[in-house]
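Only one structure is covered here, and it is reproduced in the block below.
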Amino acid sequence: MKLSIAAKFNLVFVSIFAVGFLAAGVVADRLLKESAREETLQNARLLLEAAKSVRGYTASQIQPLLKNQMKFEFHPQSVPSYSAVENLNVILKSYPDFSYKEATLNPTNPRDKASDWEVDVVQTLRNKPDMKEFVGERDTATGRSLYIARPLQIKDPVCLGCHTTAADAPKTMVDIYGPNNGFGWKLNEVVGAQVISVPMAVPLARADSIFKTFMASLFGVFVAVFIALNVMVHLFVTRRIKRLATVADDVSMGKFEADEFDVKGNDEISGLGRSFNRMRTSLNSALKMLEE
């Protein structure tokens, strides 16, 4: 099959673009998904830091204020974990896809009871005391979910006043939650985990949207470059070569009166045109001498 220079050029250009387009798509997709995942983790870490701050504020400023009242009435607002969960729940109203829980193996408040998969996370943190953060993914009813967990470790002996035995705990607390939950804790023991989870569909949907925009933009750039290059090839190469071929055909048939090839410019085709014009002049002169 006979192909023109423009067709060969376009074939090579399209082939190179197809390979580059595919490679760029694979790399961009991987990087965007990794970036979206890392961004989600950073947001989760920020929320965990907020929860940590609330816990510290409650322990240092709220508990002392309610210490005397706790003898007559138990106030859960004085418990750091309760305050952290309540505060984060308010914040997460603006982020309904996120969830926060202080998953505990043996909690005082039943709402903090660790579920099956959370138990595995807590056990992992208990078995690895040096692990400060655990990141993982799991399948849920709504799809893949990303979570980040940090250990809840008893570092303050004051906390054991409510969690060693029911007999030593405040009676007002035992009256509310009973004598069977949240006791037997030990100093430096990991009793649970702060867990922030978010569906993977959220960051992946954002990454997919950016990916489609990027690929569409890349394709648009290709089309623009393809058109521009074809116009340039036509103006500076194929049109001039066709003109040179036409003049050469005329000369080959003895039509020396045909217009000379336009040699404006200093590129290779202009140089070829000048050489052809000289050859044409020399050939015409040689033919005239033979006729004489």
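Given the structure is predicted, the values throughout are model-derived calculations rather than measurements.
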Let me check something: do [X] and [Y] share a hydrophobic cluster, defined by ILVMFWY side-chain heavy atoms less than 4.5 Å apart, either directly or through other members?
{"X": "Ile62", "Y": "Val54", "answer": "no"}
{"X": "Val190", "Y": "Leu187", "answer": "no"}
{"X": "Ile196", "Y": "Tyr147", "answer": "no"}

Fill in the blank from the handout: Residues passing the salt bridge (charged side-chain N to carboxylate O under 4.0 Å, His left out) test with Arg144, sequence neighbours excluded, are Glu137, Asp139
Fill in the blank from the handout: Hits for salt bridge (charged side-chain N to carboxylate O under 4.0 Å, His left out) against Arg45, two or more places apart or cross-chain, chain-then-number order -> Glu38, Glu133
Between [X] (side chain) and [Y] (backbone), is there a donor-acceptor pair under 3.5 Å?
{"X": "Glu102", "Y": "Gln194", "answer": "no"}
{"X": "Asn127", "Y": "Gln123", "answer": "yes"}
{"X": "Asn89", "Y": "Val85", "answer": "yes"}
{"X": "Glu189", "Y": "Lys186", "answer": "yes"}

Handout entry: SB check Lys33 Glu39 (cutoff 4.0 Å)
Key = no
Practice task
May I ask you to decide whether Glu49 forms a salt bridge with Arg150, counting only side-chain N to carboxylate O separations under 4.0 Å?
Solution key: yes
Provide the closest heavy-atom pair for [X] versus [Y] in the form atom of the first, atom of the second, distance.
{"X": "Thr58", "Y": "Ser78", "result": "CG2-O, 3.5 Å"}
{"X": "Val191", "Y": "Thr104", "result": "O-CG2, 3.2 Å"}
{"X": "Pro151", "Y": "Lys132", "result": "CD-O, 3.4 Å"}

Problem - Thr40 side chain to Asn43 side chain, donor-acceptor N/O pair below 3.5 angstrom - result: no
Handout entry: Flag for Asn230-Asn10: side-chain donor and acceptor within less than 3.5 Å
Key = yes
Practice task
Tell me whether the centres of the aromatic rings in Phe13 and Phe222 are closer together than 6.0 Å.
Solution key: yes
Problem - Geometric class of the Phe219/Phe21 ring pair [parallel <30°, tilted 30-60°, perpendicular >60°] - result: perpendicular
Exercise for the section: Taking the side chain as every heavy atom from C-beta outward, state whether Pro203 and Arg206 have any pair of such atoms under 4.5 Å apart. Expected result: yes
Handout entry: Atom pair CG (Leu32) and OG (Ser209), whose distance is rounded to the nearest 0.5 Å
Key = 10.0 Å
